[in-house]
Each structure stands twice: as structure tokens, then as C-alpha cells.
Amino acid sequence: MKKTLLILLSLGLVSCDQQTDNTKELQDQINSLEIKLANTYKPGFGNFMGSIQAHHAKLWFAGQNENWDLADFEVHEIMEAIEDIEEFHKGRKETELMGIIMPPLDSISKAIDQKNAALFNNSYTSLTNACNECHRAVEMEFIFIKTPDTPPSSNQGFEPIK
């Protein structure tokens, strides 16, 4: 009976050691994955802002050509970039101020829904001014946004396809 008890006790201790080995192995895997995640590429704030700037320009030309489908697409691209900024750059003053451009974007969306070129132009001016207001608020007034003179790329048409 004592031998059986000792055998069972020994097996129990071996089992405990195996669980500890598994736990250590799993913890090592978690640590390795956390290091990889910490070193994963995260786009910089400037990457997002450059994207917004390009969509801002395309939005202008889409609106001027009354290509409302493209204009709607560009507004949503800007909004997605803002969401990404909020996800990847929490806590930055610049991120906290991004909301300043939401009212003009909402107004542009209304203009697009109504296919109203005059409202679009006024809303676009408000959006551009909001961008510059934000830049001033974060002491980057040297980044001045304006209504574009030429399309940002020569390989995209802005007229609606009929």
C-alpha cells in the first residue's frame, strides 16, 4: 500500500512538473509574440497625413467634375485614415484635434448626397481651413493646405463615367 501511495505521489509530482514545463513553454511563446508585435511596422503620423492630403486633392477634382461617386469614395478614404490615426497614434495632441475636420467632412457628405456643387465648394473650403487651423494648433503652420491647382496624379480621370 505504501508503495502504491509513493508511486501515485511520484506520478502526481511528475505531472505537476510537466504542467510547469508547458506553462513555461507557453509563456516563452507569448513573450516572443509580444516582442514581434512591438516591432511590427506602424505607419507614422506623416504617412497618414500624406494620404489624407492626396485624398483631399482628389476630392476637389471629383467635386469639380460632379463625379459624386468618386467624391463620396474620397471622403470615406479620408475618414478611414482618421480612424487609423486614432488607432495607431492615440494620445498625441494632433490625434486629439483631428475631430476639427469632421463637421466640414459631414457637410461635404451632405453636398455629395444632394449633388450640390455650391455646397460642395463651400464645404471644401471649410475643410481646407480646418486642416490649416489644426496645423496652427499643433505649431505646424508651415504645413499649409490649399485648394489644388492640378490633379495629384496624371493617370486618373475625374470625370464621371457615363
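Index from 1, following the sequence.
- Between Ile101 and Met79 there is no side-chain heavy-atom pair separated by less than 4.5 Å.
- Between the CG atom of Asn31 and the CD atom of Gln29 there is a distance of 10.0 Å, given to the nearest 0.5 Å.
- Here Asp84 contributes atom CG and Glu86 contributes atom CD; the two are 9.5 Å apart, rounded to the nearest 0.5 Å.
- Judged by distance alone, with hydrogens and angles left aside, the side-chain atoms of Asn65 form a donor-acceptor pair with the main-chain N or O of Phe61 at under 3.5 Å.
- You'll find the side chain of Glu66 stays beyond 4.5 Å of the side chain of Phe120, heavy atoms only.
- Identified under the ring pair (Phe, Tyr, Trp, His ring centres under 6.0 Å) test for residues 95-114, with sequence neighbours left out: none.
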Under the ring pair (Phe, Tyr, Trp, His ring centres under 6.0 Å) rule, what do Phe73 and His55 come out as? Steps first, then yes or no, please. CA-CA 9 Å; Phe73 175 81; His55 292 296; 7.0 Å; no
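- The two residues Pro104 and Ala130 have their closest heavy-atom pair at CG-CB, 4.1 Å.
- By the 6.0 Å contact criterion, CD1 on Ile161 is open, its count of non-hydrogen atoms from other residues, nucleotides or ligands being 12 or less.
- For Asn132 (side chain) and Thr128 (main-chain N/O), a donor-acceptor pair under 3.5 Å exists by modelled atom type.
- When hydrophobic residues (I, L, V, M, F, W, Y) are linked wherever their side-chain heavy atoms come within less than 4.5 Å, Leu119 remains an isolated member.
- Remark: Met140 pairs with Glu94, Val138, Phe142, Ile143 by the side-chain contact (heavy atoms from CB on, under 4.5 Å) rule, at least two apart or across chains.
- The minimum heavy-atom distance between Lys93 and Ala137, with the atom names listed, is NZ-O, 3.0 Å.
- The CD1 atom of Ile100 sits 6.0 Å away from the SG atom of Cys134 when rounded to the nearest 0.5 Å.
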Could you walk me through whether Ile85 and Met98 pass the side chain to side chain contact (heavy atoms under 4.5 Å, CB included) test, one step at a time? CA-CA 9 Å; Ile85 287 170; Met98 291 298 295; 4.0 Å; yes
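- In this structure, CD in Glu80 is found 11.0 Å from CD1 in Ile52, a value given to the nearest 0.5 Å.
- No side-chain donor from either of Asn129 and Glu133 sits under 3.5 Å from a side-chain acceptor of the other.
- Applying the side-chain contact (heavy atoms from CB on, under 4.5 Å) rule to Pro103 yields no partners; only residues at least two apart in sequence or on another chain are considered.
- Looking only at atom types and distance, the side chain of Glu141 has no donor-acceptor partner in the side chain of His135 under 3.5 Å away.
- Summarising the geometry of His89 relative to Gly44, their closest heavy-atom pair is NE2-C, 3.5 Å, with the distance given to 0.1 Å.
- When the shell of 6.0 Å around CD of Glu139 is examined, it contains 12 or fewer heavy atoms from other residues, nucleotides or ligands.
- Side-chain contact between Ile145 and Leu127: absent, with no pair of heavy atoms (C-beta onward) separated by less than 4.5 Å.
- Taken from OG in Ser32 to CD in Gln27, the straight-line distance is 11.5 Å, to the nearest 0.5 Å.
- In this structure, the side chains of Leu105 and Ile82 come closer than 4.5 Å at one or more pairs of heavy atoms.
- In this structure a side-chain-to-backbone donor-acceptor pair under 3.5 Å is present from Thr40 to Lys36.
- Side-chain contact between Glu87 and Glu83 is absent, with no heavy atoms from C-beta onward closer than 4.5 Å.
- For the atom pair CZ of Phe88 and CZ of Phe45, the computed distance is 13.5 Å after rounding to the nearest 0.5 Å.
- Evaluation of the side-chain hydrogen bond (donor to acceptor under 3.5 Å, both in side chains) test over residues 101-114, restricted to residues two or more places apart or in two chains, returns Ser107-Ser123.
- Residues near Phe144 contribute nothing to a hydrophobic cluster around it, because no ILVMFWY side-chain heavy atom sits closer than 4.5 Å to its side chain.
- Side chains of Asn121 and Gln64 form a contact here, defined as non-hydrogen atoms less than 4.5 Å apart.
- Cluster annotation: Ile78 and Met102 are assigned to the same hydrophobic cluster (Ile/Leu/Val/Met/Phe/Trp/Tyr, side-chain heavy-atom contacts under 4.5 Å, transitive).
- At a threshold of 4.5 Å between non-hydrogen side-chain atoms, the residues Glu77 and Leu59 do not count as touching.
- Taking all atoms of both residues into account, the shortest heavy-atom contact from Phe158 to Ala62 is CD2-N, 3.9 Å.
- Aromatic ring orientation, Tyr124 versus Trp60: tilted (interplanar angle from 30° to 60°).
- Between the side chain of Lys90 and the main chain of Glu96, no donor-acceptor pair closer than 3.5 Å is present.
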